[in-house]
Amino acid sequence: MTDAPATAPGTALGTAPVTAPGTAHATAPVTATPDRSRPLLTRARILEAARQELGRAPESSLGDIAEAAGVVRRTVYGHFNGRAALVEGLVEDAAQALRQALAAQQAPAGDAVTELARFVLALWHVGDRYRILLRLAPQDLGPERVTEVLAPARERAEAIISRGRRQRVFHAYAPPAVLTRALEGYLLGLLECVNSGGWSDDGTGSATAALIAMGVEAERAATYVHGLVRPEGDAA
C-alpha cells in the first residue's frame, strides 16, 4: 500500500495550497462583468432624442427618434415597446423632475407671495423642458395619467393659495381648489404659447403673472420676482 501524498499544513486535499506570506501566487482568473450602466445610458439617450425630436415634429416616428439617438430601431424597441411606452418614459422623467423641484421647495417661505413665486419659478423650468408633453400626454396616455403626474404640484399650489388667503395677500374671490385649477390652466396656457413660438419666457414673466392673477399689485409682483432671481451682489 502506498502512502497518501503529504499535504502542506493548513490545506486539505483537493484545495489550493495556502501561499506563504511574501511569496508570489497565481492570480485567479477575473470574470468580466457587463457594464450595467450602459442600458441606462442608452435609454436616457433615446429619451433625450425623443424629447427633442417630438418637440421639433410631434409626429416623428420611432425610426426618426432612433436615428437621432444614434441607435437602430430594434434598440428603441428593446427599451420601449411602442410610441405610448416612449411617451410614458418621458412622462415619468418629467414626474421625477417635478418631484425633485417640489422637494427643493419643502420649507415654506414666511409669506405666501414669496412662496408662490418660488413655486412657479421652480416648476416653470420643468414645464419648459417637457412642454411637448402638453400635446402628447393627453392623446397618448389619457387625462388620468396627466392628473396623476400633476397631483403633487396641485396639492402644493392649493396649500400656498390657502395660506395666502389667510394672510390676506391673495384677494381672488374663489375657493383655493378652484383657484389652483385656474392658475394651472393659466400657466399651462403660457407654456403652450412658448411651445408654439408665440412667447419667450425664462419663468420670471409667468411667476409675475401668477402673482397678479392671485390679486397682487403688478409692480409689487414684479419686484418680488426680481428679488428672487437677480444675481448675487446685484442688490441696489
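Cluster annotation: V71 and L54 are assigned to the same hydrophobic cluster (Ile/Leu/Val/Met/Phe/Trp/Tyr, side-chain heavy-atom contacts under 4.5 Å, transitive). Side-chain heavy atoms closer than 4.5 Å link hydrophobic residues (I, L, V, M, F, W, Y) into clusters, and following such links, possibly through other members, connects L62 to V87. No single ILVMFWY cluster, assembled from side-chain heavy atoms under 4.5 Å apart, contains both V72 and V76. When the side chains of ILVMFWY residues are joined at heavy-atom separations under 4.5 Å, either directly or via intervening members, Y77 and L90 end up in a single hydrophobic cluster. Cluster membership for V225 and W199, using ILVMFWY side-chain heavy atoms within less than 4.5 angstrom, is shared.
In this structure, CG on D202 lies 8.0 Å from CG on L121, to the nearest 0.5 angstrom. Taken to the nearest 0.5 Å, the OG1 atom of T75 stands 11.5 Å off from the CZ atom of R73. The distance from atom CG of L179 to atom CD1 of I160, rounded to the nearest 0.5 Å, is 13.0 Å. For the atom pair CG of L123 and CZ of R118, the computed distance is 14.5 Å after rounding to the nearest 0.5 Å. Remark: L188 CG to C193 SG distance equals 11.0 Å, nearest 0.5 Å. Note that CG of L191 and CG of L187 are 7.5 Å apart. Values are rounded to the nearest 0.5 Å.
At distances below 3.5 Å, not a single donor-acceptor pair connects side-chain atoms of R145 with backbone N or O atoms of V91. A distance-only check finds no donor-acceptor pair linking the side chain of T114 to the backbone of D111 [under 3.5 Å]. With hydrogens and angles disregarded, no donor-acceptor distance shorter than 3.5 Å links the side chain of Q167 to the backbone of V169. Proximity of a side-chain donor or acceptor of R51 to a complementary backbone N or O of R129 within less than 3.5 Å is detected.
For the pair P58 and I132, the minimum side-chain heavy-atom distance is below 4.5 Å.
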Please set out all donor-acceptor pairs under 3.5 angstrom arising from side-chain atoms of residues 208-216, sequence neighbours excluded.
residue	atom	partner	partner atom	Å
T208	OG1	T204	O	2.9

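The number of heavy atoms from other shown groups lying within 6.0 Å of CD (Q52) is above 12.
Contact between A50 and L86 at its shortest, heavy atoms only, is CB-CD2, 3.9 Å. L190 and S206 get closest at one heavy-atom pair: CD1-OG, 3.6 Å. Residues I46 and I65 share a closest heavy-atom pair of O-CG2, 3.9 Å. In terms of heavy atoms, A94 sits closest to Y130 at CB-CG, 3.6 Å. Closest non-hydrogen pair, A101 versus A122, comes out as CB-O, 4.1 Å. Considering all non-hydrogen atoms of both residues, E53 and A68 come closest at CG-CB, 3.6 Å.
The pair R156-E184 fails the salt-bridge criterion, with no side-chain N (NZ, NE, NH1 or NH2) lying under 4.0 Å from an Asp/Glu carboxylate O.
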### Query
For E88 and R83, what are the C-alpha separation, side-chain angles and deciding distance, and is it a salt bridge (Lys or Arg N to Asp or Glu O under 4.0 Å)?
CA-CA 8 Å; E88 171 60 31; R83 179 186 173 92; over 6 Å; no

### Query
Can E48 and R45 be said to form a salt bridge (Lys or Arg N to Asp or Glu O under 4.0 Å), step by step?
CA-CA 5 Å; E48 178 59 21; R45 188 164 74 247; over 6 Å; no

### Worked verdict on V149 versus L133 for side chain to side chain contact (heavy atoms under 4.5 Å, CB included)
CA-CA 11 Å; V149 171; L133 294 177; over 6 Å; no

### Task
Show your reasoning for whether side chain to side chain contact (heavy atoms under 4.5 Å, CB included) applies to R163 and F170.
CA-CA 9 Å; R163 187 176 303 115; F170 296 157; over 6 Å; no

### Query
Taking it one step at a time, do F119 and E115 satisfy side chain to side chain contact (heavy atoms under 4.5 Å, CB included)?
CA-CA 6 Å; F119 172 82; E115 190 172 2; 5.5 Å; no

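Scored by the side-chain contact (heavy atoms from CB on, under 4.5 Å) test, Q100 finds Q96 as partners (sequence neighbours excluded). Scored by the side-chain contact (heavy atoms from CB on, under 4.5 Å) test, T180 finds R154, A157, E158, I161 as partners (sequence neighbours excluded).
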